[in-house]
2 protein chains.
Amino acid sequence: MAKKKSPLSDEALVVVARRFAVLAEPMRLRLLQVLFAGEKSVGALAEAAAGTQANVSRHLQTLAEAGLVSRRKEGLQVFYAIADPSIFQLCELVCGSIDQQNQARAKVFAKP
Amino acid sequence: MAKKKSPLSDEALVVVARRFAVLAEPMRLRLLQVLFAGEKSVGALAEAAAGTQANVSRHLQTLAEAGLVSRRKEGLQVFYAIADPSIFQLCELVCGSIDQQNQARAKVFAKP
DNA sequence: TGCGTATATGCGTAATCACTTAAATATGAA
DNA sequence: TTCATATTTAAGTGATTACGCATATACGCA
């Protein structure tokens, strides 16, 4: 029994905005993109994303707090993985929208 | 001929992040939600969203630059409208994901 | 031309946040 | 215990930005 579309409360808007804000950083998007290939440790992620270990750890914490990635500790290492499958569709949707806008813009400036 | 899924370049990630950042403000989300009902003037939007005229005008400019809303001038008034239909699916997707997380959390604390 | 209205913009302020460096914590091995 | 490794956290800095207030611009009308 999914709720029908109704105006969101101010509190709900804040939550949604927060979700978008988490995705509004290139470094976090890059980490998610690396994680698309599967679970990885913090060190591996830092190297793959070309970031400092401290900074990557912080971004991973942000992603985990938002419920987008999961955290699994194994000995000295901590492994992160995609926890919210909607991320795939979300990125696909946004990329598709941007592609469409670019194509529309290209059409305007196309030679006659 | 849609491109297959391949790692996005750093520049592309910046563009995608920017798109998310535009959606990462409660006031802008509220404006979009009001616009879901149809085209409206700046003044009408300011009243419906309970914001100052200056601030709403600024947010609308941000949304327009991102290609999310369209601008139509008619006499003294300027009318804005949803320009990117993917916004509907995007909000639906995010809200659904948040709902799912909330239900999962509720389940954890459910009485036995 | 001058006046009133609708919208946009310039400026200052406060808050948020990403990033770096350095230090702290946690785990496993010797 | 002591040491080394992997990760997290603390503190400081610079950049971005939302908001309020005041002013500027654009348009219609008399």
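All chains are named by letter (A, B, ...) in the order of the sequence lines, taking the proteins before the strands, and each is independently numbered beginning at 1.
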Does some side-chain heavy atom of [Y] sit less than 4.5 Å from a side-chain heavy atom of [X]?
X      : Y      : value
Q77(A) : E74(A) : no
F20(B) : R18(B) : no
C95(B) : L8(A)  : yes
V69(B) : L32(B) : yes

Next on the checklist: Show, in sequence, the C-alpha distance, side-chain angles and deciding distance for I82(A) and F88(A), and conclude whether the side chain to side chain contact (heavy atoms under 4.5 Å, CB included) test is met.
Outcome noted: CA-CA 10 Å; I82(A) 302 288; F88(A) 296 97; 4.0 Å; yes
Next on the checklist: Quick one, L23(B) with L68(B), criterion side chain to side chain contact (heavy atoms under 4.5 Å, CB included). Give me CA distance, side-chain angles, the key distance, then yes/no.
Outcome noted: CA-CA 10 Å; L23(B) 296 169; L68(B) 300 182; 3.8 Å; yes
Checklist entry - Mind checking which nucleotides bracket the chain A contacts on DNA chain C, 5' to 3', with an atom under 4.0 Å from a heavy atom? => result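 Contact span on the strand: dC17(C) to dG28(C).
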Next on the checklist: Need one value for Y80(A): base, sugar-phosphate or nothing, where a base atom within 4.0 Å counts as base even if backbone is also close, heavy atoms only.
Outcome noted: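 Sugar-phosphate, backbone atoms only, no base.
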Between [X] (side chain) and [Y] (backbone), is there a donor-acceptor pair under 3.5 Å?
X      : Y      : value
R28(B) : V22(B) : yes
E25(A) : A17(B) : no
R71(A) : Y80(A) : no

Item to check | Residues in side-chain hydrogen bond (donor to acceptor under 3.5 Å, both in side chains) contact with E39(B), at least two apart in sequence or another chain | outcome: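 E39(B) satisfies side-chain hydrogen bond (donor to acceptor under 3.5 Å, both in side chains) with R72(B) once adjacent residues are dropped.
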Next on the checklist: Among residues at least two apart in sequence or on other chains, which ones pass side-chain hydrogen bond (donor to acceptor under 3.5 Å, both in side chains) with Q61(A)?
Outcome noted: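 Residues passing side-chain hydrogen bond (donor to acceptor under 3.5 Å, both in side chains) with Q61(A): E65(A).
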Checklist entry - Can you name the side chain to side chain contact (heavy atoms under 4.5 Å, CB included) partners of Q103(B), sequence neighbours left out? => result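 For Q103(B), no residue satisfies side chain to side chain contact (heavy atoms under 4.5 Å, CB included) once neighbours in sequence are set aside.
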Item to check | A46(A): side chain to side chain contact (heavy atoms under 4.5 Å, CB included) partners, not counting sequence neighbours | outcome: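 Checked A46(A) against side chain to side chain contact (heavy atoms under 4.5 Å, CB included); matches are V56(A).
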Which of [range] have a heavy atom under 4.0 Å from DNA chain D?
range                     : result
residues 45-72 of chain B : T52(B), A54(B), N55(B), R58(B), H59(B)
residues 21-44 of chain B : E25(B), R28(B)
residues 8-17 of chain B  : none

Next on the checklist: Can you give me the bend angle of the helix from dT1(C)-dA30(D) to dA30(C)-dT1(D)? Use the axis through the first five pairs and the one through the last five, nearest 10 degrees.
Outcome noted: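 The angle, to the nearest 10 degrees, is 10°.
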Checklist entry - Apart from V14(A) itself, what residues make up its hydrophobic cluster when side-chain heavy atoms of I, L, V, M, F, W and Y under 4.5 Å apart count as a link, directly or indirectly? => result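 Via sub-4.5 Å side-chain contacts, V14(A) links to none.
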Next on the checklist: Who clusters with V108(A)? Use side-chain heavy atoms, under 4.5 angstrom, across I, L, V, M, F, W and Y, and order the result by chain and number.
Outcome noted: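 For the cluster that includes V108(A), the remaining residues are F109(A).
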Using nucleotides 26-29 of chain D, report all nitrogen or oxygen pairs with the protein that are shorter than 3.5 Å.
| unit_1 | atom_1 | unit_2 | atom_2 | d |
| --- | --- | --- | --- | --- |
| dA26(D) | O3' | K73(B) | NZ | 3.2 |

Next on the checklist: side chain to side chain contact (heavy atoms under 4.5 Å, CB included), that's the test. Do I87(A) and F36(A) meet it? Break it down for me.
Outcome noted: CA-CA 10 Å; I87(A) 297 181; F36(A) 283 174; 4.0 Å; yes
Checklist entry - Taking atom types as modelled and ignoring hydrogens, do the side chains of Q101(B) and R19(A) form a donor-acceptor contact shorter than 3.5 angstrom? => result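 Present: a donor and an acceptor within the cut-off.
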